[in-house]
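Any value given below was found using the heavy atoms of this structure, including those in side chains, with hydrogens, waters and symmetry copies removed.
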Amino acid sequence: TRGAYKPRYTLDGAKVITCTSSGSLVNILSASDLHGKQQVFTVGKDPMGFTFSPDGRTALVANHGDGTVSVVDLKEGRVASSFTGGSGVETLSYY
């Protein structure tokens with residue numbers, strides 16, 4: 001088993017989101033209790049990057065391996081939807 005990587009804090013600093021170094025898993029942890037309960041779920045192939053909506057309710061996950069973007073409901077800790085982002089998508093941002 002490989003460890004988590006690419007940790008990112010949500011904009012309010014309350015949660016940390018990470019992905020696995022191979023596969024399709026993403027973890028959401030409480031920033032105040034990193035040893036507490038995690039929300040673990042599957043996204044597209046080879047997640048590489050994250051961005052957060054300004055309201056803090058949604059994260060986007062760039063899935064490099066299959067060219068998709070997973071839309072994550074941070075409160076529920078699940079993928080709400082996904083869309084095609086293009087081959088090799090790695091970096092995302094909100095404007």
What distance separates [X] [atom1] from [Y] [atom2], expressed to the nearest 0.5 Å?
X     : Y     : atom1 : atom2 : value
Phe50 : Leu60 : CZ    : CG    : 11.0 Å
Leu25 : Gln38 : CG    : CD    : 10.5 Å
Leu29 : Ile17 : CG    : CD1   : 9.5 Å
Lys37 : Ile28 : NZ    : CD1   : 11.5 Å
Gln39 : Glu76 : CD    : CD    : 8.5 Å

Worksheet item: When you look at Val72 and Val26, which way does the side-chain contact (heavy atoms from CB on, under 4.5 Å) test go after all the steps?
Response: CA-CA 10 Å; Val72 176; Val26 167; 5.8 Å; no
Does a side-chain heavy-atom distance below 4.5 Å link [X] with [Y]?
X     : Y     : answer
Asp46 : Asp66 : no
Leu74 : Thr10 : yes
Phe41 : Asn27 : no
Phe52 : Arg57 : no

Worksheet item: Please walk me through it: do Val43 and Val79 pass side-chain contact (heavy atoms from CB on, under 4.5 Å)?
Response: CA-CA 7 Å; Val43 294; Val79 175; 3.8 Å; yes
Which atom of [X] lies closest to which atom of [Y], heavy atoms considered:
X     : Y     : result
Gly88 : His64 : O-ND1, 3.2 Å
Val61 : Leu92 : C-CD1, 3.8 Å
Asp55 : Ser53 : OD1-OG, 2.6 Å
Pro7  : Val16 : CB-CG1, 4.1 Å
Ser70 : Gly44 : OG-N, 3.5 Å
Tyr9  : Ala31 : CE2-CB, 3.7 Å

Discussion item. Treating Thr18 as the side-chain partner and Tyr5 as the backbone partner, does any N or O pair qualify as donor plus acceptor under 3.5 Å?
Written reply: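 Not a single qualifying donor-acceptor pair exists.
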Worksheet item: Distance-only, no hydrogens or angles: does the Asp73 side chain make a donor-acceptor pair with backbone N or O of Lys75 under 3.5 Å?
Response: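 Yes, Asp73 side chain to Lys75 backbone: donor-acceptor pair under 3.5 Å.
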Practice prompt. For the pair Val71 and Phe83, evaluate side-chain contact (heavy atoms from CB on, under 4.5 Å) and give the outcome as yes or no after the intermediate values.
Written response: CA-CA 8 Å; Val71 180; Phe83 59 90; 3.8 Å; yes
